[in-house]
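Reading through the structure tokens given below for one structure.
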Amino acid sequence: MKKRWYDYLWIVELTYMALGFFNILFAWLGMVFFCVPLIISLVWGTKGYCNRYCGRGQLFGLLGGRFGLSRKKDIPKWMKSKWFRYGFLIFFFIMFFQMLWNTYLVFAGVQNLRQAVTLLWTFKLPWHWAYHGTFFSPGVAQFAFGFYSVMLTSTTLGMMTMVLFKPRSWCVYCPMGTMTQLICKAKSGGR
Amino acid sequence: METKTRVKRRAFVRTDDCVACGCCARVCPLSAVQVWRGVYAKVDPERCVGCGKCAKECPASVIEIQEVQG
């Protein structure tokens, strides 16, 4: 099948994750990965981002498919159930707002900047080497650390399910995919 | 006279469980699968030959290849 420009967006995803190791402020670029799918679903009522432009999904497809890093087994039933998908979306939302709250506290001067990336909402990884100061408030950097934590956590989870199940298993419970599908459902009149 | 019935294969999507990721549409060599309004994948019965590529790719395993009377 003929390759199109958007079939190479996995390079963008890989570059984004790599940049976070050098300067955490690059994490802000990840806002694009959050805003574009929402805009596409809200304006056009499609999951065009998931269907074509998701670099993360492409990366999993490549690593699990061509590179053979996936067992290619069926995902467990509970993992594709609506309960789990919506539950994970709510959980992700709560953790995201908690991250925003921590950012606010740093902006307000109540809390000091924490130069760490939190993996899987639990493990605090020292990440000070990727922080070289900022012209703005330390809150800007705190958001970057928090946002990169979200991205690294979801990539790690995606990698784990890629290995265990089918390459793009992450797409089944991806909170952004669930949310955009809900938007599309609402826009199409409940289906 | 004996009438021969041709058995065809075709992909069927369990739309209730479909996450509309579009993995199926990406791999379909005949463009027989499309994601309908971001809600679920839809198979064009005229185009689908039941090759099974979509079923193999589907991360939620909601596509089945079934035999249909042609």
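Considering Tyr131(A), Phe26(A), Trp127(A) in turn, Trp127(A) is the only one that fulfils the ring-ring contact (aromatic ring centres under 6.0 Å, His included) rule with Phe21(A).
Rounded to the nearest 0.5 angstrom, Cys54(A) SG and Phe33(A) CZ are separated by 8.5 Å. With values rounded to the nearest 0.5 angstrom, Ser188(A) atom OG is found 12.0 Å from Ile183(A) atom CD1.
Annotation: maximal heavy-atom pairing with chain B below 4.5 Å, among Thr180(A), Asp74(A), Ile75(A), Ile40(A), occurs at Asp74(A). When the candidates Cys21(B), Cys18(B), Gly22(B) are compared by the number of heavy-atom contacts under 4.5 Å with chain A, Cys21(B) comes out ahead. Among the candidates Ser169(A), Gly45(A), Gly48(A), the residue making the largest number of heavy-atom pairs closer than 4.5 Å to chain B is Gly45(A). For the set Cys58(B), Ala20(B), Cys24(B), the entry with the most heavy-atom pairs within less than 4.5 Å of chain A is Ala20(B).
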Scan the side chains in residues 83-94 of chain A for donor-acceptor partners under 3.5 Å anywhere in the protein, sequence neighbours excluded, and list what turns up.
residue	atom	partner	partner atom	Å
Arg85(A)	NE	Val172(A)	O	2.8
Arg85(A)	NH2	Gln181(A)	OE1	2.8

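Checked against the 6.0 Å centroid criterion, the rings of Phe143(A) and Phe136(A) do not qualify as a close aromatic pair. You'll find the ring centres of Trp28(A) and Phe147(A) outside the 6.0 Å limit.
Salt-bridge check for Lys82(A) with Asp16(B): failed, with every basic side-chain N at 4.0 Å or more from each acidic carboxylate O.
Inter-residue side-chain proximity for Phe145(A) and Leu113(A) is flagged as met; some heavy-atom pair is nearer than 4.5 Å.
Contacts between residues 42-56 of chain B and chain A, defined by a heavy-atom separation under 4.5 Å, are made by Ala55(B), Lys56(B).
With a 4.5 angstrom heavy-atom cutoff, Lys47(A) touches chain B via backbone and side-chain atoms both.
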